[in-house]
Amino acid sequence: MSADSFTPALLVDPSSPAAAAAVPLTPISPARLEAWRAEQDEVTRRWLDTAAFKAEAGSVVLLPGSDGALARVIAGTGDGDEAWALAALPGSLPKGCYRLDPEPEAAATATALAFGWEMGGYAFSRYKSTPPAAGAALVWPAAADRTAVGRDVAAVTLVRDLINTPAADMGPEELEAAALALADAFGATLEVTVGEELERAGYPAVFAVGKGSSRPPRLIDLRWGDASHPKVTLVGKGVCFDSGGYDLKPSSGMKLMKKDMGGAANVLGLARMIMAAGLPVRLRVLVPAVENMVSGHAMRPLDVLRTRKGLTVEVGNTDAEGRLILCDALAEADTEQPELLIDCATLTGAARVAMGAEVVPFFTHDDALAADLVRHGTACGEPLWRLPLWKGYRKQLDSKVADLCNISDSPFGGAITAGLFLAEFVSPATRWVHIDMYGWNPTARPGRPVGGEAFALRALYALIADRFG
């Protein structure tokens with residue numbers, strides 16, 4: 001396995017020349033504000049009052065020295081997650097270098113602040129003629145886990161960059177290239193099944209969804225780790241563009257469909273974290289990569305598809321294609337009886353209606369697994385919420401001509417029925433988690449600009465590291 005050489009750009013070593021001249025930066029939470037304010041000199045208190053400083057996240061007070069130069073920054077952290085407490089500052093402070101004063105003593109706090117600072121400088125600039133200006137730098141907090149920060153930043157950056165890339169430059173072949181680069185970097189193996197070979201290899205649903213595009217569909221299969229270690233398998237929905245097929249999306253629904261491979265991007269980012277950390281697991285990543293397009297070769301409404309598991313599926317709607325490619329990949333993953341099976345998919349609009357764009361819904365039959373995932377999500381500042389695989393809704397997927405239909409005729413519970421569909425392809429005994437993620441930030445927040453986003457990535461990594469590390 002090659003070393004992970006990712007180096008954050010906005011975090012500088014304390015021994016560097018820039019660090020020697022770093023401006024002190026004091027983070028203050030609303031809960032600490034009054035007690036801290038009382039300890040300051042009269043001039044500082046006046047500056048705080050003039051600025052109406054309430055320690056809200058992203059708020060700053062710039063204190064001058066006797067020579068008029070910037071002497072100290074007071075920064076509000078708000079009451080939110082530490083990872084994003086200072087994330088607005090790299091782009092809002094005067095260009096230069098800063099150091100935390102006082103230094104956070106807890107490693108978890110120092111690591112979270114460093115991660116958020118670095119992500120505050122993220123920008124997708126591939127198509128910009130002028131690169132964005134570098135943000136303000138921060139001296140590494142002494143207690144921060146530099147390896148963890150580099151690992152997390154690299155993974156989130158990878159996910160965002162893949163999702164943000166337009167579909168013209170991020171089709172099934174380009175997604176394969178991203179997986180190959182990852183495999184090469186960490187000594188993994190990669191097998192890819194392309195085009196009509198998918199049918200011969202037993203992935204008929206993947207082929208049926210992707211055959212309407214001039215860009216051949218494929219199944220990307222990455223393996224890494226010692227064969228004697230516990231098996232952890234990740235499955236990611238890789239619909240590189242989703243027109244809806246013959247059940248064509250309106251323009252408003254199609255506009256963001258370059259992000260429909262967000263699940264694939266997420267599992268590649270998670271795989272990167274696992275391999276970079278050298279976790280003692282036998283990792284497998286399965287990504288069915290397709291475009292769902294309209295053509296004379298595309299699947300039609302009410303076509304009946306065969307699947308890898310042998311079940312037949314009636315296509316009630318060609319725009320419910322993600323579950324069709326996932327069912328083949330999940331069925332293959334399940335044959336190996338992994339210790340943990342996770343799928344990530346930008347699967348349903350119903351999940352967004354239920355949870356909005358920030359809270360991540362997930363499904364599992366395993367109560368202990370659900371509790372662990374929520375716990376790690378809370379610790380990472382990545383909110384997750386378990387939705388039920390309500391068996392009473394399963395009959396809504398019944399078909400008169402096939403074993404099941406890919407969609408319910410009911411307007412209710414769409415995220416649940418999608419989860420129930422996927423559950424048909426996973427053994428009840430398998431520890432399985434289905435993440436119905438959005439893959440996109442619709443509004444900007446510190447460190448999280450509008451655009452592609454990793455969802456539950458650090459929570460899933462923490463879950464795997466806790467169980468198998």
Side-chain angles (χ1 to χ4, degrees), residues 159 162-164 167 205 209 235-267 288 290-294 298-299 301 313-327 330 343-364 382-390 393-394 396-397 404-424 433-443 448 450-456:
V159 176
L162 289 174
I163 298 173
N164 283 328
V209 172
V235 175
K237 174 187 170 184
V239 178
C240 296
F241 189 79
D242 181 18
S243 70
Y246 276 107
D247 289 306
L248 197 67
K249 293 178 182 290
S251 59
S252 59
M254 204 185 299
K255 183 177 181 180
L256 290 182
M257 282 302 101
K258 70 175 185 178
K259 78 173 185 67
D260 213 19
M261 40 63 69
N266 223 54
V267 298
V290 304
E291 281 192 311
N292 185 24
M293 304 294 278
V294 178
M299 65 178 177
V313 178
E314 184 180 22
V315 181
N317 191 304
T318 62
D319 195 21
E321 84 298 329
R323 64 200 72 182
L324 294 173
I325 64 172
L326 288 173
C327 75
L330 286 171
D343 82 75
C344 294
T346 53
L347 204 64
T348 68
R352 308 290 78 74
V353 172
M355 294 291 153
E358 297 178 19
V359 180
V360 181
F362 72 97
F363 299 82
T364 182
E382 296 185 331
L384 293 114
W385 195 270
R386 186 186 186 185
L387 292 180
L389 288 163
W390 189 253
Y393 295 164
R394 169 57 184 84
Q396 296 178 18
L397 297 174
L404 69 164
C405 188
N406 73 327
I407 196 168
S408 165
D409 287 333
S410 171
F412 306 120
I416 296 173
T417 54
L420 289 168
F421 178 89
L422 296 180
E424 292 290 312
V433 178
H434 162 51
I435 307 287
D436 193 337
M437 55 180 283
Y438 190 40
W440 193 262
N441 289 320
T443 56
R448 292 153 290 182
V450 171
E453 185 60 280
F455 279 79

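The analysis underlying the following values was restricted to heavy atoms, covering all of them including side chains, and did not include hydrogens, waters or symmetry mates. Counting from 1, the numbers follow the sequence of the chain as shown.
For the side chain to side chain contact (heavy atoms under 4.5 Å, CB included) test, residues two or more places apart in sequence or in another chain that qualify with A265 are V159, L162, I163, M261.
Across all their heavy atoms, D319 and D242 have their closest contact at OD1-OD2, 3.0 Å. In terms of heavy atoms, P301 sits closest to D247 at CG-OD2, 3.7 Å. When every heavy atom of E291 is checked against every heavy atom of C240, the shortest pair comes out as CG-CB, 4.3 Å. Between F421 and V313, the closest heavy-atom pair is CE1-CG1, 3.9 Å. Across all their heavy atoms, M293 and S243 have their closest contact at CA-OG, 3.5 Å.
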Might you work through the side-chain contact (heavy atoms from CB on, under 4.5 Å) test for L326 and L347, ending with a clear yes or no? CA-CA 10 Å; L326 288 173; L347 204 64; 3.9 Å; yes
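Residues L397 and E424 are not in side-chain contact: their nearest non-hydrogen atoms beyond the backbone lie 4.5 Å or more apart. Taking the side chain as every heavy atom from C-beta outward, W440 and K258 approach each other to under 4.5 Å. Within the 4.5 Å cutoff, side-chain heavy atoms of L324 are placed close to those of M299. Taking 4.5 Å as the limit, every side-chain heavy atom of T346 sits out of range of all side-chain heavy atoms of F455. At a threshold of 4.5 Å between non-hydrogen side-chain atoms, the residues D260 and E321 count as touching.
The structure places OH of Y393 at 5.5 Å from CD1 of I416, a figure rounded to the nearest 0.5 Å. How far NZ of K249 is from CG of N292: 8.5 Å, rounded to the nearest 0.5 Å. Of the inter-residue distances, the one linking F241 atom CZ with L256 atom CG reads 9.5 Å to the nearest 0.5 angstrom. Atom NZ of K259 sits about 4.5 Å away from atom CE of M257, to the nearest 0.5 Å.
A donor-acceptor contact shorter than 3.5 Å links the side chain of R386 to the backbone of T364. In this structure, the side chain of R323 engages the main chain of N406 through a donor-acceptor pair within 3.5 Å. A donor-acceptor contact shorter than 3.5 Å is absent between the side chain of N164 and the backbone of G451.
Using a cut-off of 4.0 Å between Lys/Arg side-chain N and Asp/Glu carboxylate O, D343 and K237 are scored as not salt-bridged.
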Side-chain atoms of residues 351-363: list all donor-acceptor pairs with protein atoms under 3.5 Å, sequence neighbours left out, distances to 0.1 Å.
residue : atom : partner : partner atom : Å
R352    : NH1  : T348    : O            : 3.3
R352    : NH1  : M437    : O            : 3.3
R352    : NH2  : D436    : O            : 2.7
E358    : OE1  : R445    : NH1          : 3.4

